[in-house]
Novice: 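Input: one structure, supplied below.
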Amino acid sequence: KNNFEIRNMQYSSWDQWDAKGYLHQYFSRIEPEEKATLEFLAQRLATIKGKHSVLQFGCGPTIAESLPVVPYATEIYMADYLSVNIQEISTWLKKDPESFNWNDFTSFVLELEGTLHTVSGSDIVNREEDLRKKIKRLSFCDAGKSRPIPGQWRQYPVVITTFCADSATSSKKIWRKYMKNILRLVAPSGHLFLGALRNADFYLVGGNSFPCVYIDEHVMFDMLTENGYDENN
């Protein structure tokens, strides 16, 4: 069985994951947590000089956190462990009428950037088209491997990983292993944009529960310093 039990919580196996259900539950509107994440990305990406190759590791079935990247990316690579998540993004790339509608998120990101007096329908279409053009590859990834993206080894000047490793296990030991492997993908002097759930044991998708590692900002800070990140930068 793939189910496992920690802290008296029985988690669902990943073959029970429902990508469309997840999108409906957490992205039917812009939740406060997602607003904060997009605000963080828009603000911090604006501090990067030039344009770079970007990896979004553990993208899930969403493009939300890729939308703020567009002005700062020459190309975008997206990777996830679950094929249903990759398929969901692929459907959006192909403009399938059944694909998820991200217009509200696109509009919100454009408003955050503050370069437009008002955001029009054509502005939304243009940003989403720009994103489609810059997404160069959708890949399988496994943070449990020292080379997490099979078949290729490269480092990226910009790596974004939000609600990924922390939302894949309840074990701090395994989470640290996942993060160590993900951090290997960041080029020397590169930029890491990292987001995680705080002090959570699990999250629900429909009637299924999936694991979270119980961490806070102090545990995150310790993990980063253990992996060579300078606390002064």
Novice: State the CG-OG distance between Leu138 and Ser83, to the nearest 0.5 angstrom.
Specialist: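 Taking CG in Leu138 and OG in Ser83, the distance rounds to 12.0 Å.
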Novice: Checking Tyr156 now: which residues fulfil ring-ring contact (aromatic ring centres under 6.0 Å, His included) with it, not counting sequence neighbours?
Specialist: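 Per chain and number, Tyr156 pairs via ring-ring contact (aromatic ring centres under 6.0 Å, His included) with Tyr77.
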Novice: Where do Gly206 and Gln25 come nearest, in terms of heavy atoms and distance?
Specialist: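 Nearest pair, atom of Gly206 first, then Gln25: N-OE1, 2.8 Å.
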Novice: In Å and rounded to the nearest 0.5 Å, what is the CG to CZ distance from Leu67 to Phe108?
Specialist: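 Nearest 0.5 Å value for the CG-CZ distance: 11.5 Å.
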Novice: What are the two closest non-hydrogen atoms of Cys141 and Gly58, and how far apart are they?
Specialist: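 What the structure gives for the nearest pair is SG-N, 4.3 Å.
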Novice: Determine whether Asp201 and Cys212 make a side-chain contact, defined as any pair of heavy atoms from C-beta on separated by less than 4.5 Å.
Specialist: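 Side chain of Asp201 against side chain of Cys212, heavy atoms only: no contact under 4.5 Å found.
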Novice: Spell out, as yes or no, whether a donor-acceptor pair under 3.5 Å connects the side chain of Asn85 to the backbone of Glu88.
Specialist: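 Absent.
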Novice: Distance-only, no hydrogens or angles: does the Thr106 side chain make a donor-acceptor pair with backbone N or O of Trp102 under 3.5 Å?
Specialist: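 Yes; at least one donor-acceptor contact below 3.5 Å.
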Novice: Measuring centre to centre across the rings, with the benzene-like ring taken for any Trp, is Phe105 within less than 6.0 Å of Phe27?
Specialist: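 Yes, they do, as the ring centres are separated by less than 6.0 Å.
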Novice: Answer whether the closest heavy-atom distance between the side chains of Leu194 and Met179 falls below 4.5 Å.
Specialist: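 Leu194 vs Met179: side chains touch.
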Novice: Shortest non-hydrogen contact from Ala165 to Ile182?
Specialist: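 Nearest pair, atom of Ala165 first, then Ile182: CB-CD1, 4.1 Å.
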Novice: Is it the case that atom NZ in Lys20 sees more than 12 heavy atoms from other parts of the structure closer than 6.0 Å?
Specialist: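 Check passes, neighbour count above 12.
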Novice: List the residues meeting side-chain hydrogen bond (donor to acceptor under 3.5 Å, both in side chains) with Ser120, not counting sequence neighbours, and say none if there are none.
Specialist: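 side-chain hydrogen bond (donor to acceptor under 3.5 Å, both in side chains) check on Ser120 returns Ser122, Asp123.
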Novice: Please identify each residue that fulfils salt bridge (Lys or Arg N to Asp or Glu O under 4.0 Å) with Glu98, with sequence neighbours left out.
Specialist: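 Glu98 satisfies salt bridge (Lys or Arg N to Asp or Glu O under 4.0 Å) with no other residue.
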Novice: In the hydrophobic clustering that connects Ile, Leu, Val, Met, Phe, Trp and Tyr at side-chain heavy-atom distances below 4.5 Å, which members other than Leu110 occupy its cluster, ordered by chain and number?
Specialist: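 Joined to Leu110, directly or through intermediates: Leu116, Val119, Ile124.
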Novice: Between Gln155 and Pro188, what is the shortest heavy-atom contact and its length?
Specialist: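 Taking every non-hydrogen atom into account, OE1-CD, 3.6 Å.
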Novice: Is any side-chain heavy atom of Arg184 closer than 4.5 Å to a side-chain heavy atom of Ser146?
Specialist: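 The answer is yes; the side chains approach within 4.5 Å.
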Novice: Could you tell me whether a side-chain N or O of Ser107 sits under 3.5 Å from a main-chain N or O of Asn103, the two making a donor and an acceptor?
Specialist: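 Not at all, since once roles are kept as given, no pair shorter than 3.5 Å links the two residues.
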Novice: Which atom pair, heavy atoms only, marks the closest approach of Gly144 to Lys177?
Specialist: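 Gly144 and Lys177 have their closest heavy atoms at O-CE, 3.2 Å.
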Novice: Mind checking ring-ring contact (aromatic ring centres under 6.0 Å, His included) for Phe57 and listing every partner two or more places apart, or none if nothing turns up?
Specialist: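 Testing Phe57 for ring-ring contact (aromatic ring centres under 6.0 Å, His included), a comparison that skips the adjacent residues, returns none.
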Novice: Between Leu197 and Ser167, what is the shortest heavy-atom contact and its length?
Specialist: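 Heavy-atom minimum between the residues: CD1-OG, 3.7 Å.
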Novice: Checking Phe163 now: which residues fulfil ring-ring contact (aromatic ring centres under 6.0 Å, His included) with it, not counting sequence neighbours?
Specialist: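 For Phe163 there are no ring-ring contact (aromatic ring centres under 6.0 Å, His included) partners, ignoring immediate neighbours.
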Novice: Donor-acceptor pair, Asp222 side chain versus Met220 backbone, under 3.5 Å?
Specialist: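 Not at all, since once roles are kept as given, no pair shorter than 3.5 Å links the two residues.
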Novice: Using atom types as modelled and distance alone, determine if a side-chain donor or acceptor of Lys134 lies under 3.5 Å from a backbone N or O of Val70.
Specialist: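 It does hold such a pair.
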Novice: When rounded to the nearest 0.5 angstrom, what distance separates NE2 in His24 from CG in Asp18?
Specialist: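 Reported value, rounded in 0.5 Å steps: 10.5 Å.
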Novice: With Tyr26, which residues qualify under ring-ring contact (aromatic ring centres under 6.0 Å, His included), at least two apart?
Specialist: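 Partners of Tyr26 under the ring-ring contact (aromatic ring centres under 6.0 Å, His included) test: Tyr22.
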Novice: Quick one, Leu224 with Leu192, criterion side chain to side chain contact (heavy atoms under 4.5 Å, CB included). Give me CA distance, side-chain angles, the key distance, then yes/no.
Specialist: CA-CA 11 Å; Leu224 289 170; Leu192 170 68; 4.0 Å; yes
Novice: Hey, is the main chain of Lys145 close enough, under 3.5 Å, to the side chain of Asn181 for a donor-acceptor pair?
Specialist: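 Judged by distance alone, yes, a pair lies under 3.5 Å.
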Novice: Apply side chain to side chain contact (heavy atoms under 4.5 Å, CB included) to residues Ile149 and Leu55 and explain how you reach the verdict.
Specialist: CA-CA 11 Å; Ile149 302 178; Leu55 170 66; 4.0 Å; yes
Novice: Name the atoms and distances for all side-chain donor-acceptor pairs under 3.5 Å in residues 30-49, with sequence neighbours left out.
Specialist:
{"residue": "Glu31", "atom": "OE1", "partner": "Arg29", "partner atom": "NH2", "Å": "3.2"}
{"residue": "Thr37", "atom": "OG1", "partner": "Glu33", "partner atom": "O", "Å": "2.9"}
{"residue": "Thr47", "atom": "OG1", "partner": "Arg44", "partner atom": "O", "Å": "2.6"}

Novice: Can you tell me if OH on Tyr72 sees more than 12 non-hydrogen neighbours from other groups inside 6.0 Å?
Specialist: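 Atom OH in Tyr72 is packed in, count exceeds 12.
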Novice: Apply side chain to side chain contact (heavy atoms under 4.5 Å, CB included) to Asn208 and list each qualifying residue two or more places apart in sequence or on a separate chain.
Specialist: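 Counting only residues at least two positions away or on another chain, Asn208 forms a side chain to side chain contact (heavy atoms under 4.5 Å, CB included) with Ser12, Gln16, Phe210.
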Novice: Between Asn227 and Lys180 (side chain of the first, backbone of the second, donor and acceptor by atom type, cut-off under 3.5 Å), is there such a pair?
Specialist: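 Here the side-chain-to-backbone pair does not exist.
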Novice: Do the side chains of Val219 and Arg176 get nearer than 4.5 Å, heavy atoms only?
Specialist: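 When only atoms from C-beta onward are counted, Val219 and Arg176 do touch, with a gap below 4.5 Å.
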Novice: Applying side chain to side chain contact (heavy atoms under 4.5 Å, CB included), run through Gln10 and Phe202 and close with a yes or a no.
Specialist: CA-CA 10 Å; Gln10 183 171 335; Phe202 67 96; over 6 Å; no
Novice: At what distance, to the nearest 0.5 angstrom, does CG of Asp80 lie from CG of Asp142?
Specialist: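 With rounding to 0.5 Å, CG (Asp80) is 11.0 Å from CG (Asp142).
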Novice: Under the rule for salt bridge (Lys or Arg N to Asp or Glu O under 4.0 Å), what residues qualify as partners of Glu129, not counting sequence neighbours?
Specialist: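 Result, salt bridge (Lys or Arg N to Asp or Glu O under 4.0 Å) vs Glu129: Lys95, Arg132.
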Novice: For residues 53-68, pull every pair meeting side-chain hydrogen bond (donor to acceptor under 3.5 Å, both in side chains), keeping only residues two or more places apart or in separate chains.
Specialist: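 As it turns out, the side-chain hydrogen bond (donor to acceptor under 3.5 Å, both in side chains) pairs with a partner in residues 53-68, which skip direct neighbours, are Ser53-Glu75, Ser53-Arg154, Gln56-Ser66, Glu65-Thr162.
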Novice: Linking directly or through intermediates, with side-chain heavy atoms under 4.5 Å: list the remaining ILVMFWY members grouped with Tyr178, chain and number order.
Specialist: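 Reading the cluster by chain and number, Tyr178 sits alongside Ile174.
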